[in-house]
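All remarks here apply to the structure that follows.
Letters go in sequence order (proteins before strands), and every chain restarts at 1. It should be emphasised that the depicted structure is a prediction, and the values quoted were computed from it without experimental measurement. These numbers come from the heavy atoms of this one structure, side chains and all, not from hydrogens, waters or symmetry mates.
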Amino acid sequence: MSRIYTEQEQVRREARVRMEEEGVNPYAYSWDVSHHATDVLAAFDEEKHVADGEGEAPEKLTVSVAGRIMSRRIMGKAAFFHLQDESGKIQIYVSRDDLPEGFYNTVFKKLLDIGDIVGIEGFVFRTRVGEISIHTEKLQVLAKALRPFPVVKETGEQTWNEVTDKEFRYRQRYVDLVVHPEVRETFRQRARMITAMRGFLDGRGYVEVETPVLQPMYGGAAARPFTTHHNALDMKLYMRIADELYLKRLIVGGFDGVYEISKDFRNEGLSRFHNPEFTMMELYVAYKDYAWMMALVEELVEHLAIALHGTTELQVGENRISFQRPWRRLPLFDAIEEKTGEQLFGKTRDELSVIGKRLGLEVDDSMGAGKIIDEIFGEFVEPHLIQPTFITDYPVELSPLAKKHRSKEGLVERFEAICNGKEICNAFSELNDPDDQRQRFEEQVRLGKRGDEEAMQLDEDYLRALEYGMPPTAGLGVGVDRLAMLMTNADSIRDVILFPLLRPEADDTRDQSADDAPTQP
RNA sequence: GAUCCCGUAGCUCAGCUGGCAGAGCAUCUGACUUUUAAUCAGAGGGUCCCAGGUUCGAGCCCUGGCGGGAUCACCA
């Protein structure tokens, strides 16, 4: 595959060749790093490392760092540049006479560019203007960048030429991460959040497990699956849409608490809140019910906010959100009545249809009672729930895996936590009556036959497991990406997913011959 | 899938009523041993997203497509 190089690429490729001619390996094997950039700043001690003017020689703080050249200021026989590593930036000072004969003029000045990765060994000092810097005693090229980087310039207050093209940033996330330290920080926070979540769950003795991604039958959520094919077994497989049914089999098997943090896949549209593959945490705890689970969710999310930010109060977009326990608890029908003045409990499907239309919704004949209620909630209530709120007790027809309510006819023991106008989790007292579960599945199959593409399949093996007896169980599903959006103040799910799904680009990054590659039967 | 907005140099962006494609940074050449958006002097760099159309002439107008964003739909 060949590609026409831009002027700047040609210059960099020539530099790479000339480096090799000079005996400098443009792709070194290793470099011993003693400090990150921020460690250097922290380790520098004014008392010890700066001459005190009374003739006493300062102590030398020698460090070794590695990173990418982000800017260059060359002044004849000396130069400054900023080196960026994972922690941040540190200024490097280079002078001709401190490097091997000729290296400064031929290699440093002529063959190194912004974006190249180098190792620097030297001592730390403070420049005349006051910036803590490293005086280079040894410079090694570690990796030559053959493509030019976007050069972002900044002072304390202002930034120039920042990469703003979202497409560029999502497609070339590696570049986005280099030029936007805050993006690195977002993903570090995401990682910390998941670590804290895992710690919270492990600390309570729940067992982290792994269940199949490739499944002969999908279930556990209302969604359309991706399909794939296993060649050796010549079998259609689905990629999981939820972990639920497998995890509850494990509760049958005698685990008292299991959880899984994993990717789910749903064959749906893309939006600010939806990526076809996304991360879910599901937890099932035996002998507990949804009221107990509510308390756990509050505690978990409060714990995460403190672990990440040291406080329970976060700024998310326009809103100041407090995750401090306890959160408001509000039955679904009361929430709807509060916002619309309509009490929907006990209403027939046709009465709901009339109310829905009166409220201005489009209601068609295919929509059941539960669907109409869900629409009214989604339109008039959910967007207005900014502070974390538990919405409880859903209609049974919306929740085929939840246990019927102990006291309210037609409802199930289910809650969702809503925050900043979006759901962050879904939980219920799990249905463990196998005969009731079979009827619910059969209803789903009827819906499927009527054309509901998101209806669940009847999972005989799951029913078999329930028939052996599953203890009363509380179950929870948390949208990890949605939660990460809240915790990092991101307004698009793409900002908390490193490589969000995009349409393929027609460009130079794919080999032409790939189009001729054999496809799987 | 629908609607609206966007697509010009490596990056950020101008481009008038349709009249020779521009700037800053980056790159190249030269000067400069504590600079910091380094500075100074000079130079090169374009499939104006793609394909048609209108026109003497299209970056600009029209049609279709591709890609992205936002909103909606779908969906948690």
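When each of B:rG67, B:rC75, B:rA26 is scored by its nearest atom to the side-chain atoms of A:E167, the top-ranked nucleotide is B:rG67.
Taking the charged nitrogens against the carboxylate oxygens, A:K89 and A:E154 do have a contact shorter than 4.0 Å, which makes a salt bridge. Between A:E9 and A:R12 there is no salt bridge, since no side-chain N of the basic residue sits under 4.0 Å from a carboxylate O of the acidic one. Ionic pairing of A:R482 and A:E416 is not present here: no N-O contact between side-chain nitrogen and carboxylate oxygen is shorter than 4.0 angstrom. For the pair A:R16 and A:E20, the salt-bridge criterion is met [side-chain N within less than 4.0 Å of a carboxylate O].
When both pairing distances are held under 3.5 Å, B:rG44 makes no Watson-Crick or G-U pair with any nucleotide shown. The partner of B:rG67 is B:rC6, by the rule that a Watson-Crick or G-U pair needs both atom distances under 3.5 Å. Across all strands shown, B:rC61 pairs with B:rG53; the Watson-Crick or G-U wobble distances both stay below 3.5 Å. Under the Watson-Crick or G-U wobble criterion, with both distances below 3.5 Å, B:rG1 is paired with B:rC72. Using Watson-Crick or G-U wobble geometry with both donor-acceptor distances under 3.5 Å, B:rG22 finds its partner in B:rC13. Across all strands shown, the partner of B:rA31 is B:rU39, judged by Watson-Crick or G-U wobble contacts whose two distances both fall under 3.5 Å.
What separates CZ of A:R96 from C1' of B:rU34 is a distance of 16 Å, to the nearest Å. The nearest whole Å value for the distance from the NZ atom in A:K153 to the C1' atom in B:rA26 is 8 Å. For A:K166 and B:rG69, the NZ to C1' distance is 7 Å, given to the nearest whole Å. Between A:R18 atom CZ and B:rC28 atom C1' there is a gap of 12 Å when expressed in whole angstrom units. One interatomic measurement links the two molecules: CZ of A:R503 to C1' of B:rC49, which rounds to 15 Å at whole-angstrom precision. The CD-C1' distance, from A:Q10 to B:rA26, rounds to 16 Å in whole Å. In this structure, A:I134 places its CD1 atom 16 Å from C1' of B:rU36, rounding to the nearest Å. Spacing between atom CD of A:Q158 and atom C1' of B:rG24 amounts to 13 Å, rounded to whole angstrom units.
The base of B:rU33 sits within donor-acceptor range of the side chain of A:Y93, with an N or O pair under 3.5 Å.
Using atom P as the reference point in both B:rG45 and B:rG10, the two lie 13 Å apart (nearest Å). Atom name P, nucleotides B:rA70 and B:rG64: the rounded distance is 25 Å, in whole Å. As rounded to the nearest Å, B:rU8 and B:rC48 have P atoms that lie 11 Å from one another. If you take atom P in B:rU47 and the same atom in B:rU63, they sit 27 Å apart, rounded to whole Å. Spacing between B:rU12 and B:rC4 at atom C1', rounded to whole Å, works out to 25 Å. Nucleotides B:rC62 and B:rG69 have their C1' atoms positioned 25 Å apart, rounded to a whole Å. Comparing the same atom, C1', in B:rG7 and in B:rC60 gives a spacing of 14 Å after rounding to whole Å. The separation of B:rG24 from B:rC5, taken at their P atoms, amounts to 32 Å, rounded to a whole angstrom.
Within 4.0 Å of A:Y170, counting heavy atoms only, lie sugar-phosphate atoms of the nucleic acid but no base atom. When heavy atoms are screened at a 4.0 angstrom cut-off, A:Q91 is found touching base atoms of the nucleic acid. If you check every strand for non-hydrogen atoms under 4.0 Å, A:R171 touches sugar and phosphate atoms only. Among the atoms of the strands shown, none is found under 4.0 Å from any heavy atom of A:N275. Residue contacts for A:R266: at a heavy-atom cut-off of 4.0 Å it reaches the sugar-phosphate backbone alone, with no base atom in range. Residue contacts shown for A:R494 are limited to sugar-phosphate atoms, with no base heavy atom under 4.0 Å away. Looking at heavy-atom distances under 4.0 Å, A:A221 makes no contact with the nucleic acid at all.
More than 12 heavy-atom neighbours from other residues, nucleotides or ligands sit within 6.0 angstrom of CD on A:E182. Within 6.0 Å of atom CZ in A:R173, more than 12 heavy atoms from other residues, nucleotides or ligands are found, so the atom counts as buried in its surroundings.
Between A:F80 and A:Y93, the ring-plane angle classifies as tilted under the 30° and 60° cut-offs.
Counting only residues at least two apart or in different chains, side chain to side chain donor-acceptor pair (under 3.5 Å) contacts with residues 110-126 of chain A comprise A:E46-A:R126, A:D113-A:K144, A:D116-A:K144.
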How does each nucleotide of nucleotides 6-13 of chain B score, in 5' to 3' order, for protein heavy atoms under 4.0 Å: base (B), sugar-phosphate only (S), or none (-)?
----BBSS

Look for any protein N or O under 3.5 Å of an N or O in nucleotides 30-32 of chain B and output each such pair with its distance, or none.
unit_1: B:rG30; atom_1: OP2; unit_2: A:K110; atom_2: NZ; d: 2.7
unit_1: B:rC32; atom_1: N3; unit_2: A:I74; atom_2: O; d: 3.3
unit_1: B:rC32; atom_1: N3; unit_2: A:G76; atom_2: N; d: 3.1
unit_1: B:rC32; atom_1: N4; unit_2: A:G76; atom_2: N; d: 3.4

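Judged by closest nucleotide on RNA chain B, A:H82 is the one of A:S492 and A:H82 placed further toward the 5' end. With the nearest nucleotide of RNA chain B identified for both A:L502 and A:E268, A:L502 has the one nearer the 5' end.
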Walk me through it: do A:R18 and A:E22 pass the test salt bridge (Lys or Arg N to Asp or Glu O under 4.0 Å)?
CA-CA 6 Å; A:R18 284 183 49 203; A:E22 291 289 331; 5.7 Å; no

Start with the C-alpha distance between A:D495 and A:T186, add both sets of side-chain angles, then the distance that settles side chain to side chain donor-acceptor pair (under 3.5 Å), and finish with yes or no.
CA-CA 8 Å; A:D495 294 328; A:T186 294; over 6 Å; no

Test A:S95 against A:D98 for side chain to side chain donor-acceptor pair (under 3.5 Å), laying out the working first.
CA-CA 6 Å; A:S95 86; A:D98 294 330; 2.8 Å; yes

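Under the 3.5 Å distance criterion, the side-chain polar atoms of A:S133 are left unmatched by any main-chain donor or acceptor of A:F125. Within the 3.5 Å criterion, the main-chain N or O of A:E244 finds a donor-acceptor partner in the side chain of A:E282.
For B:rU33, the OP1/OP2 oxygens have no side-chain nitrogen or oxygen of A:R73 closer than 4.0 Å.
For RNA chain B, the neighbouring residues in residues 125-133 of chain A, judged by any heavy atom under 4.0 Å, are A:F125, A:T127, A:R128, A:V129, A:E131.
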Only distances under 3.5 Å count here; give the side-chain donor-acceptor pairs of residues 70-78 of chain A to other protein atoms, sequence neighbours excluded, each with its distance to 0.1 Å.
unit_1: A:S71; atom_1: OG; unit_2: A:H82; atom_2: N; d: 3.4
unit_1: A:R72; atom_1: NH1; unit_2: A:F108; atom_2: O; d: 3.1
unit_1: A:R72; atom_1: NH1; unit_2: A:L112; atom_2: O; d: 3.1
unit_1: A:R72; atom_1: NH2; unit_2: A:L112; atom_2: O; d: 3.3
unit_1: A:R73; atom_1: NH2; unit_2: A:H82; atom_2: ND1; d: 3.4
unit_1: A:R73; atom_1: NH2; unit_2: A:Q91; atom_2: OE1; d: 2.8

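For A:T62, the side chain to side chain donor-acceptor pair (under 3.5 Å) criterion is met by no residue, not counting sequence neighbours.
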